[in-house]
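Below is one structure, written out as structure tokens, with a few remarks after it.
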Amino acid sequence: IKNTLQSQQDNIASISKAIVERKPSRIFLLGSGTSYHAGVVGAYVLNKLTNILAVPVQASEFVEFVGNSIGKSDIVVTYSQSGESTDTLVALRHAKSKGALIIGVTNTPGSSLTVESNHSIVTMAGVEESVVATKTFQAQLAVTFLLAVSVAKELGFVSEADQKAIVNELANTPNVLASELPTWEKKTKEVALKFKNIHDVFVLGFGEGYALALEAGLKLKEASLTHSETFSVAEFRHGPMSLVTKGVGVLMVTPYSQDRLEFAEKLAKELKEKKATIVSISQEGLSFKSKVSDFELKFPKINPILAPIY
């Protein structure tokens, strides 16, 4: 995160100006797997900070999804750790042929994504040796936050002072992560001991928390070969929760607002009655009032826009 912020801040400021000069009507954020989930986070943040419609799309579905509707007034942000993902490059070429402005986000300098994009942002996460791509995901989030806040500032939705405050808080996250990791490691080992005999897990979230829930569900599949499904907290009530029984795990990324938190707690109580094992992940100061979670994992207070970085 630190290396990425130091190397890409001026580049992202320049790219933000190019985006605003286009007077875009839509911003599409594309990727596959983990990279797609970074785009989902980005869409939530852009839709909150600006008046430009931001739409996350799986790269493999992009051509079918947008058809011929894409054009010069559209921005396409493409994410790929390797910069060589076939589905992403196919989507990029389709959008570019229609005149869209292409922003490529990758961890690999000199890759096809950097060559074929109009502008590129290279994350400085180093070689990604882990299949579950943890550090590149955080680096993608870091540049996504920088880009969203910078575009919002160029459009006049965020003041220069607020932009500086958010960027400074983002720049401090590596220090916070370093200090919190030992505690998180201890707590997650306790959760793992409980979950090692659980074979079905539902991962739930609201807003940006839903985007993180998508990524957590993917990590459970990739790293532990555990069957997992992801839903928004509200959508889970419409059918899927009928599958919850004793022996099922529920991982809930709790909302960043009090009213949504109360809704999530109501659902958690119902799941507890069904004998589910519940793990809640929440920001300090925002947690369930009642003891419904078997485990609680806490992360420090931070601007809600940046919360997904933890």
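Computed from a predicted structure; not experimentally measured.
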Is there a side-chain contact between [X] and [Y], using heavy atoms and a 4.5 Å cut-off?
| X | Y | value |
| --- | --- | --- |
| L89 | L113 | yes |
| I302 | Q283 | yes |
| I15 | L147 | yes |
| N51 | F157 | yes |
| L220 | F195 | no |
| V77 | V105 | yes |
| N175 | T173 | no |

Q: Would you sort out whether E208 and K48 count as a salt bridge (Lys or Arg N to Asp or Glu O under 4.0 Å), showing the intermediate values?
A: CA-CA 11 Å; E208 295 93 329; K48 287 183 176 180; 2.9 Å; yes

Strictly by modelled atom types, are [X] and [Y] linked by a side-chain donor-acceptor pair under 3.5 Å?
| X | Y | result |
| --- | --- | --- |
| Y79 | T144 | yes |
| S228 | T226 | no |
| E296 | S282 | no |
| N107 | T123 | yes |

Can you give me the closest heavy-atom contact between [X] and [Y], atom names plus distance?
| X | Y | value |
| --- | --- | --- |
| G247 | I198 | O-CG2, 3.5 Å |
| V203 | A216 | CG1-CB, 3.9 Å |
| A211 | V41 | CB-CG2, 3.5 Å |
| V20 | P24 | O-CD, 4.2 Å |
| N11 | S120 | ND2-O, 2.9 Å |
| P308 | L141 | O-CD1, 3.6 Å |

Using a strict cut-off of less than 4.0 Å between a Lys/Arg side-chain nitrogen and an Asp/Glu carboxylate oxygen, indicate whether [X] and [Y] qualify as a salt bridge.
| X | Y | answer |
| --- | --- | --- |
| E154 | K17 | yes |
| D294 | K272 | yes |
| E180 | K298 | no |

(Q) Pair L271, I278 - check side chain to side chain contact (heavy atoms under 4.5 Å, CB included), show working. (A) CA-CA 8 Å; L271 297 176; I278 302 174; 4.0 Å; yes

Q) For the residue pair F299 and Y310, does the interplanar ring angle fall in the parallel (under 30°), tilted (30 to 60°) or perpendicular (over 60°) class? A) tilted

Q) When the ring planes of F236 and F231 are compared, do they come out parallel, tilted or perpendicular, using 30° and 60° as the limits? A) tilted

(Q) For E116 and I102: C-alpha separation, side-chain torsions, deciding distance, then whether side chain to side chain contact (heavy atoms under 4.5 Å, CB included) applies. (A) CA-CA 8 Å; E116 298 190 40; I102 312 297; over 6 Å; no

Q: Apply the test side chain to side chain donor-acceptor pair (under 3.5 Å) to residues N172 and E169: give CA-CA distance (whole Å), side-chain angles for both, the deciding distance (0.1 Å), then the verdict.
A: CA-CA 5 Å; N172 189 49; E169 194 167 8; over 6 Å; no

Q.
Under the criterion side chain to side chain donor-acceptor pair (under 3.5 Å), I'd like the reasoning laid out for S293 against S280: C-alpha separation, chi angles, the key distance, then a yes or no.
A. CA-CA 6 Å; S293 301; S280 62; 3.0 Å; yes

**Q.** Residue pair S35, Q140: steps toward the side chain to side chain donor-acceptor pair (under 3.5 Å) verdict
**A.** CA-CA 8 Å; S35 293; Q140 287 173 338; 3.1 Å; yes

In terms of hydrophobic clustering (I, L, V, M, F, W, Y; side-chain heavy atoms under 4.5 Å; direct or indirect links), are [X] and [Y] co-clustered?
| X | Y | value |
| --- | --- | --- |
| V45 | L212 | yes |
| L29 | I12 | yes |
| L251 | Y210 | no |
| L193 | W184 | no |
| L49 | I121 | yes |

Tell me whether [X] at atom [atom1] has more than 12 heavy atoms from other residues, nucleotides or ligands lying less than 6.0 Å away.
| X | atom1 | answer |
| --- | --- | --- |
| N168 | CG | yes |
| K274 | NZ | yes |
| E284 | CD | yes |

Counting N and O atoms only, with roles assigned by atom type, does the side chain of [X] sit under 3.5 Å from a partner on the main chain of [Y], one being a donor and the other an acceptor?
| X | Y | result |
| --- | --- | --- |
| S117 | T114 | no |
| T254 | I281 | yes |
| D87 | A59 | no |
| S82 | E84 | yes |
| T106 | T108 | yes |
| T4 | M124 | yes |
| T50 | I52 | yes |
| S232 | E235 | yes |

Q | Sole residue of K96, K98, R26 in salt bridge (Lys or Arg N to Asp or Glu O under 4.0 Å) with D74 | A | R26

Q: Carefully, step by step, assess S159 and D162 under the rule side chain to side chain donor-acceptor pair (under 3.5 Å).
A: CA-CA 5 Å; S159 68; D162 286 343; 3.3 Å; yes

Q | Verdict with supporting geometry, R22 and S73, side chain to side chain contact (heavy atoms under 4.5 Å, CB included) | A | CA-CA 6 Å; R22 278 277 181 131; S73 63; over 6 Å; no

Q: Could you check T34 against Q81 for side chain to side chain contact (heavy atoms under 4.5 Å, CB included), going step by step and ending with a plain yes or no?
A: CA-CA 9 Å; T34 290; Q81 191 279 132; over 6 Å; no

